[in-house]
Each structure stands twice: as structure tokens, then as C-alpha cells.
Amino acid sequence: MFDLHVDANRWRAHLDHVTQTRPGLVPVIKGNGYGFGRDLLCTEATRTGADLVAVGTYGEVDAALSAFGGDVMVLTPWRPFLEVIDDPRVVHTVGRVEDVAEIAQRSPGARVVVEGETSMSRHGLDRHELAAAVAALGDLVVEGFAIHLPLAGQSVRGQAPDANLAEAQSWAGALLASQLDTTTLFVSHLTASEAAALAATRPQLTVRPRVGTALWLGDLGALSVRSTVLDRHTVARGERVGYRQRAMPRDGVLLVVAGGTSHGVGLEAPRAGGGVVQRGKTLAKGGLEAAGLSLSPFTIGGRQRWFAEPPHMQVSLVFLPADVPAPEVGDEVDVAVRFTTTTFDRVELD
Ligand SMILES: *Cc1c(COP(=O)(O)O)cnc(C)c1O
């Protein structure tokens, strides 16, 4: 089993803390649900009292409408090649003048958020297009204006120039100067203090941060990922194993552990435990990387261990040198994962 264990009390205390310290929070619930699954996050958003959640795509809307009782904003902008989901709880994002005109014609009365194009250069209107967008709105109901800022612009403990805050301030000015009939500004990737600074200087606006990672994955200490040892075999140096019949570099134990490519386990471990120094030591000791092995995300005896070969669909083969006590079949080992690209067999709230 390749499982996510959640210390539910600790995790929920973190979610409550973020909810209380980030006024107007809009929980973002998209993709693989940050590893938890989107339905579970919808349940938690309900528990924290959210009135609105944001999903990534139109394909995620129906499930969110079932699992969450409030409004559902779609982050991917609406395009004419999409159907308009005519549900009064759905809030669309529009970011091109022609899309505004088209959705206004097809679905008058639909609720929309108008997006501005930031330095992200992903989606949204140029500020010079705002007037044209306003003219195209027809009977659409404008729920707010939205900006999505780069991760690189966030201030790091006050030392970096506050690029995101400056850009948000500038858009806040553009919104107030525009004819858009809304005072709600949705922001993505402003820190809590940046959002507070923005709200303080623009008391006419309601600033609503859209937050995913810092909410769901903001207290990693509440989460642990564990993989079950499914099999183990003593191997001798030079013995060939696996699909690729690779020769083992030393005497040791071959562990077959739960978790493979179908779970999102890749050949690149997310973090080399201990950093460069430990990697150097490991190399000096075993020369396993020189032997063509890659560092796995599986930690045994306090260290990330080497893949014996690239991960299989549902399991991985990990080489353990003979001097390390090997876990038993049925034992669990820790795994370092990137939560947004991992699919777990089970998510357990302990
Ligand atoms: C994904 C996304 C977010 C949330 O991003 P996190 O880094 O997970 O907080 C916010 N806004 C938009 C537009 C997004 O696409």
C-alpha cells in the first residue's frame, strides 16, 4: 500500500488557522486534490465555512457541485469551444473581450469573474481592454476581478522587492478606475502579509486570496507518506535483477516496495535527503550513482535509498546495502513525494 496518513487534528488546526488569518479565503481544489483527492478537500472546505471554492477546469465542476454546497469558481477561463454550464452556483472566469461577448450572448445572467493579464502572461485582459470588456458584459453578473501572480514575485521574509504586491496595487488601481461593477478583487499568490497590505491601502475593495498549496500542504508535519514492503530478496554483488537485468553493485537486499509510476513515483526523487554533502558521502561509500543507479524517494534507516532500476507501474525495486538492517515484509517505509503529482492507494485521516 502506498498511503497518505494525515494527522487529522493537526491538519485541521492548520486549515482553521489559515482560514482565520486570511480573510476572504477561497480554497483552491484542483487536479489530484493536492494528493488528498478533491472530494475530501470539498468536505474540509465546508467544515471551515467556505462560501466559495475554486476548481481548475470545467471537468472538475460537477464533482465539486456535488461535494460542496457553496459556489464553485472555475480558474481556467471560459472559451467559446466549451459548453456554458448553466448552474447558478458556477462562477466563470473570462479573460478575452470576445469570450465576454460570447458568454453574455449564450448565457445572459451567468456569473463571471473578469481576469487581468499579469506578468504571468498566462490568461487575462490587458488593462487597456477593460473598457471594451465592460461594454461587452450585457446581462452578465460580475462577481469580481481576478489576478494571478508569479510565484517568483512573492516577498521572501521582506527582503525581496515586493514585485507581486506592487503589481497587485497597480491592478487594484485599474479596477477602481474602470467601469467594472465590482469591488471584489481575487488574488492568487500574494502572501498573507501582502494581501493584508493591499486590503489596508484599498479599503474600498474586498480582497479575496485564492490559496491551494499553502492551505492544504502548508503544514507538512501533519502528513506522512508510507509504503509497504511487499517482498525482499538477498542479492549478491553482480547478480542480475529486474526487467532490465541490471547487475547489483554490492551484496545486499533487494526490497520490493509499494508505489510505482502509477502513483507518480518517478526516477527523480523530489529531494535528495541531506543535500549535496550526503550525496557525496553516499557516492564515496557505494559509488552507486556511478553504477548507474538513481536515488529513490524511499527512506530506510534514515536515508534515501537507491532504485535498483526504474520504478515499475505499481512497485519499486530498492537496493539496500548488506550493512543496513532491512525491513520485513509488511513493514512500512517513509517516502518523499510531490503531493500535486501523487496518487495514493489510501488517504487515512488518523
Ligand atoms: C492553482 C491556482 C491557484 C492556487 O495555487 P497554489 O500555488 O496551489 O496556492 C490560484 N490561482 C490560480 C489561477 C491557479 O491556477
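Worth saying up front: this structure is predicted, and the values here are computed from it rather than measured. Whatever order the structure lists them in is the order used to number ligands and atoms, beginning at 1. Numbering of residues begins at 1 and proceeds along the displayed sequence.
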Asks: State whether the shortest distance between N or O atoms of Tyr34 and N or O atoms of ligand 1 falls below 3.5 angstrom.
Replies: yes
Asks: I'd like to know whether ligand 1 has Trp216 as a neighbour, heavy-atom separation below 4.0 Å.
Replies: no
Asks: Are there over 12 heavy-atom neighbours, none belonging to Glu83, within less than 6.0 Å of that residue's CD?
Replies: no
Asks: Is a donor on one side and an acceptor on the other found under 3.5 Å between the side chain of Thr261 and the backbone of Pro311?
Replies: no
Asks: Please state which protein non-hydrogen atom is closest to atom 2 (C) of ligand 1 and give its distance, to 0.1 Å?
Replies: Lys30 NZ, 2.6 Å
Asks: Between Asp3 and Arg346, is a salt bridge (Lys or Arg N to Asp or Glu O under 4.0 Å) present by the stated rule, with each step listed?
Replies: CA-CA 5 Å; Asp3 296 341; Arg346 292 178 301 198; 2.6 Å; yes
Asks: Got the closest protein heavy atom to atom 13 (C) of ligand 1, with its distance?
Replies: His148 ND1, 3.4 Å
Asks: Report, in ascending order of atom number, the atoms of ligand 1 lying under 4.0 Å from any heavy atom of Arg122.
Replies: 15 (O)
Asks: What protein heavy atom lies closest to atom 11 (N) of ligand 1? Include the residue and the distance to one decimal.
Replies: Ser188 OG, 2.7 Å
Asks: Side chain, backbone, both or neither: which part of Thr213 comes within less than 4.0 Å of ligand 1 when only heavy atoms are counted?
Replies: both
Asks: Of all residues at least two apart in sequence or in a different chain, which pass the side-chain contact (heavy atoms from CB on, under 4.5 Å) check with Thr57?
Replies: Glu60, Thr76
Asks: Counting both backbone and side chain atoms, is some N or O of Val211 under 3.5 Å from an N or O of ligand 1?
Replies: no
Asks: Trp216 and Phe339: aromatic ring centres closer than 6.0 Å?
Replies: no
Asks: Where is the nearest protein heavy atom to atom 5 (O) of ligand 1: which residue, which atom, and how far?
Replies: His189 NE2, 3.1 Å
Asks: Among Ala146, Gly212, Pro209, which one puts a heavy atom closest to atom 9 (O) of ligand 1?
Replies: Gly212
Asks: Strictly by side-chain hydrogen bond (donor to acceptor under 3.5 Å, both in side chains), give each pair with a member in residues 17-33 just once, sequence neighbours left out.
Replies: none
Asks: So does Asp331 pair up with Arg232, basic N to acidic O under 4.0 Å?
Replies: no
